Structures are given as C-alpha cells and as structure tokens.
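To keep things clear, I will list the structure first and then write my remarks on it.
Computed from a predicted model, the values in this text were never measured in an experiment.
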Amino acid sequence: MKKIDNNFSGVLDLSKDNQLDAAFCVNDTFVTVIPLTDKCRKKIFHSDDFDNQEEKVSWIYGIAEDSCRVAFLKNKSISPQFSLPVNIGTGSFSAPIILKSDGPYDVDISAFDIIEFRGGILNLLHMTGKAIDERHSENQLIFQNKNTYTHSFPTIIDDVKLELEYSISLSGIYTETGQVPNLKDGCQSVFRFKFDSPQPLEDFKKYYIYALNLFQFCAGCMNIKFDVSLYKEISDNKGKRHIAILSKIYDGFDDYAYDRLKPVNVIRFDFIKPNISNLLKLLNESKTEPYLLFLPKSNKNYNHILYTDINDLCVALEREYAFSHDFNKQDKEDAKNLSVELLQVVKQSKYPDHIKSKAENIICGILKNYNLSLKEKIYFLCDIFFDAMKSITEPETHVQYGLVKEYTIKEFKEKIGEFVKIRNRASHYGIAWNDGVEIYYHLCLLVYFSVLKRAGYTIDESRYMLSYLFSRRF
C-alpha cells in the first residue's frame with residue numbers, strides 16, 4: 001500500500017477563502033508555510049491573536065506538488081517566523097494528522113464514506129492465514145472464498161449508525177516478471193467503518209479513536225500500530241467508484257508491540273464476534289467506557305509495574321464496580337439517618353468542643369456520605385469472577401512446578417488489602433511496595449472479566465478468550 005512521503009511540498013488555502021494563498025513544505029509532521037498574499041502574511045503574523053479555539057484546531061486543505069489533494073490537522077495557532085534582512089512572513093505548525101489522496105483527483109476531501117484500518121496489529125487480531133485454503137498443494141495455492149473471512153455488523157455509537165466490517169485484503173498481491181509474489185506484505189487484514197452518508201473530516205479523529213480503543217483492548221496494550229485510509233465515493237467516466245485518501249498519524253508511541261505479540265497472545269476478532277458491536281459501543285460511549293490506562297504503553301515497561309499503573313488500575317476497578325453494582329439506595333438513606341442521630345449524641349455529650357468538632361467531621365465525612373472502600377469494591381468483583389479467574393491464573397501444571405502461586409479466596413482478599421495499601425500510603429509516606437503487587441495482573445484480569453460481562457459475553461466465553469490474552473502472565 002502507498003505511504004505518504006516524509007517530505008513533500010505544495011500550496012495551501014490558508015485563509016480558507018477558496019484561494020491558494022500559501023506555499024508549504026512538509027518535514028515529517030512539521031509544516032512550514034510561505035505566504036503568497038498580503039492577507040495570508042497578516043493571518044500568519046496575527047495567528048495567535050485572532051484564532052479562537054475552533055480556528056486553532058482545524059483542517060487546512062491544499063494541493064501537493066504531484067497534484068494530489070492534501071489536508072493537515074492543525075491543533076495550535078501557526079507560529080510566525082522572522083528572518084533578516086528580508087522577512088517574508090513564513091510560519092510553521094505541527095500536524096499530528098496528514099491526509100493525501102492516492103492520485104491527482106480533482107475532488108473535495110473534506111468528507112469521506114469509509115474509514116479503513118489495515119495491517120499491523122490487525123494481522124494478529126484477524127489472522128491473514130484465514131484467506132488461504134489449507135488444502136493447497138505443493139503445486140497450487142488456493143484462496144478461500146471471501147465470505148469465509150469477511151464479517152459485518154450494524155452498529156450504533158453515540159447515535160451514529162455505521163456498518164462495522166472486518167476482512168482480509170489481497171489487493172497488495174501482484175506479480176513481477178520472474179519474481180515470487182510477496183504474500184506476507186500483500187495480504188493484510190482490514191477493519192472498516194462504512195457510513196450511509198458522507199462524514200465530515202472533523203469526525204476522522206473520533207472514528208480513529210473508536211477503532212483504537214477496540215484494538216488496544218484486544219491486544220492488551222496501548223502501543224499498537226496500523227495504517228488508516230479514507231475512501232470517498234466519486235462518479236466519473238468510469239462510473240461510481242471509491243478513491244483512497246492516505247493518512248499519516250503521529251500517535252506519540254516510542255515503540256510498538258507488534259513484534260513481541262503473536263496471534264495466541266491477543267483476543268482475536270472471531271472470539272468477540274457474537275457481541276463485537278456491543279463491545280465497540282461499550283468501549284467508546286462515555287456512560288459505559290472502561291478505564292484502560294493501566295495497559296502497557298511501551299515495550300520497555302511491558303514486564304514492569306510502575307506506580308502510575310497501580311493508581312490507574314485502582315481507578316479502573318472502582319469504575320467497573322460502579323458499572324457492575326447498583327448501590328443500595330436504602331443503605332445510603334439509613335447511613336444518612338444514623339449520622340443525624342449520632343451528631344445529636346455528639347452535640348449533647350460533655351466532651352470538649354474541639355473533640356466534638358472532630359467527631360462531627362468524621363461522621364459527616366464517612367457515614368453521611370456512605371460508600372464502600374476501594375478494598376470492599378474489589379472484594380465485590382472478586383466474589384463474582386474469582387473461580388473463573390483461577391483457571392487462567394493457576395494452570396494445573398504451572399502450580400505443580402511452582403511457577404505460579406495458588407490462592408484461596410481468603411488469601412487473595414488479604415492480598416487485595418495489601419495492594420490497596422500501596423496506593424493509599426503513597427500520598428502520606430511515598431511509594432512503599434509490598435506483597436500486594438503479586439496480584440497486579442490478577443486484578444487486570446478482573447477488569448477484563450467485568451468489561452466483557454457488561455458487553456454481553458458469558459463467563460465461559462470470557463474465560464476462553466482471556467486465557468489467550470493473559471497466557472504470558474501466568
């Protein structure tokens with residue numbers, strides 16, 4: 001598949017008045033602009049003064065030197081640059097997302113009909129080998145019917161209707177004279193969102209994050225990579241067809257997990273297929289989305305537990321408890337009434353006022369705003385998923401050889417108490433590690449069980465797919 005070059009140039013409509021009024025030069029994600037009109041020069045010079053937030057974060061459109069359409073996401077004001085003895089009024093900005101049509105088409109790229117994610121981590125989440133018929137012989141390679149590895153599902157996320165589809169693309173396979181076709185690079189897994197009507201380019205980032213959240217959840221890490229393309233429907237003398245718009249995205253990751261992962265280390269799409277629409281929706285709507293920032297963000301920290309991971313995991317567990325349990329309103333009401341009675345007793349007591357004041361603060365702070373402690377909330381999740389979790393965390397042969405530790409539920413809850421102390425003590429005494437860190441990955445697994453249950457998967461279905469994702473941890 002084509003890629004956007006790190007360096008290219010062209011012209012832009014910087015003033016957004018349908019006039020190409022600036023030249024540009026791209027160096028990776030850094031864009032330098034040279035004004036061609038006085039109006040454009042003034043806009044660059046006063047960019048920070050006049051740009052409102054909507055202007056600071058906006059798409060800028062233009063044409064590249066090869067006549068391909070381009071678009072840059074600008075998320076800050078343009079920085080003016082000064083030069084002597086002649087100041088030509090240049091400016092610069094960083095573009096975290098760059099788009100470019102894959103050919104010199106005279107089309108508007110401010111909207112798209114399909115967004116496609118391809119290759120990288122997707123080749124593990126939906127194995128490309130599914131496209132090959134296993135009955136092939138030494139003299140013949142047979143491809144499966146496309147219907148055997150292509151699946152689509154209607155989905156609604158935040159009131160937006162779309163069709164989710166995952167498949168395998170063979171479009172990259174071609175033959176050069178005397179050469180063997182490159183099946184590995186030519187055969188790529190794809191994941192698409194298809195829309196009934198064109199979507200504005202302003203929504204590109206939203207749909208990218210929708211897919212990213214699902215892929216990160218399935219890969220069990222944040223630092224994943226894949227290619228993204230948009231497709232726009234056009235009509236010309238060849239009839240109706242889709243043209244591709246390539247993308248280049250700066251994601252901020254130092255490295256990527258693809259090289260250290262295998263298909264047996266992830267939750268593959270075919271595992272989540274029964275409720276994939278529900279899972280995608282749950283992962284992306286604010287009222288249901290889990291907190292997953294405890295997932296590894298770089299390969300160098302993959303086998304290390306950072307203190308920030310402890311805090312993030314505690315947040316994730318509290319969030320799952322809130323989603324999984326409708327807190328007893330009667331308990332809260334009873335606690336509030338009891339606090340009123342106790343406050344009256346304190347008020348009528350003979351003790352000094354400063355002692356009474358302290359007691360009143362404790363009652364109001366704890367009992368009047370009654371809630372379970374973090375430890376009790378984790379206990380709640382543990383009671384639901386402990387038995388299912390043990391089949392993953394304590395494989396029989398691993399226990400026999402002493403490779404993993406076996407816990408009773410009582411012993412495990414004692415470890416939960418130690419784990420919570422790591423977080424609680426940090427604000428008072430600094431970070432103090434203890435044996436509670438031994439169950440860190442157990443608690444990560446607890447979060448996953450809870451998320452999958454909320455998405456509609458049974459305990460057995462969850463246990464099966466999570467045995468792959470967490471197999472390297474136990």
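- The salt bridge (Lys or Arg N to Asp or Glu O under 4.0 Å) pairs that include a residue from residues 272-282 are Lys281-Glu285, where partners are two or more places apart or lie in different chains.
- For Glu406, there are no salt bridge (Lys or Arg N to Asp or Glu O under 4.0 Å) partners two or more places apart in sequence or in a different chain.
- The salt bridge (Lys or Arg N to Asp or Glu O under 4.0 Å) contacts involving residues 462-473 comprise Asp460-Arg463, where partners must be two or more places apart or lie in separate chains.
- Residues that satisfy the salt bridge (Lys or Arg N to Asp or Glu O under 4.0 Å) test with Lys194, not counting sequence neighbours, are Glu165.
- The aromatic rings of His126 and Tyr166 stand perpendicular to each other, their planes meeting at an angle above 60°, with 30° marking the opposite boundary.
- Listed by chain and number, the residues in a side-chain contact (heavy atoms from CB on, under 4.5 Å) with Lys206 are Val160, Asp203, Tyr210 (sequence neighbours excluded).
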Distance-only donor-acceptor hits, side chain of residues 98-105, under 3.5 Å, sequence neighbours excluded:
residue: Lys100; atom: NZ; partner: Asp66; partner atom: OD2; Å: 3.1
residue: Ser101; atom: OG; partner: Arg69; partner atom: N; Å: 2.9
residue: Ser101; atom: OG; partner: Gly103; partner atom: O; Å: 2.8

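- Under the side-chain contact (heavy atoms from CB on, under 4.5 Å) criterion, Ser298 pairs with Asp255, Lys300, Asn301, sequence neighbours left out.
- Partners of Glu318 according to the side-chain hydrogen bond (donor to acceptor under 3.5 Å, both in side chains) rule, which considers only residues two or more places apart in sequence or in another chain, are Lys377.
- Residue pairs meeting the ring-ring contact (aromatic ring centres under 6.0 Å, His included) criterion with at least one partner in residues 379-398, sequence neighbours excluded, are Tyr321-Phe380, His325-Phe380, Phe385-Phe449, Phe386-Phe412.
- For the pair Lys421 and Glu418, the salt-bridge criterion is met [side-chain N within less than 4.0 Å of a carboxylate O].
- For the salt bridge (Lys or Arg N to Asp or Glu O under 4.0 Å) condition, the pairs that include at least one residue of residues 381-393, sequence neighbours left out, are Asp383-Lys413, Lys390-Glu394.
- Taking the salt bridge (Lys or Arg N to Asp or Glu O under 4.0 Å) definition, one finds that Lys248 meets it with Asp28, sequence neighbours left out.
- Applying the salt bridge (Lys or Arg N to Asp or Glu O under 4.0 Å) rule to Lys232 yields no partners; only residues at least two apart in sequence or on another chain are considered.
- Using a 30° and 60° split on the angle between ring planes, Phe294 and Tyr448 fall in the perpendicular class, above 60°.
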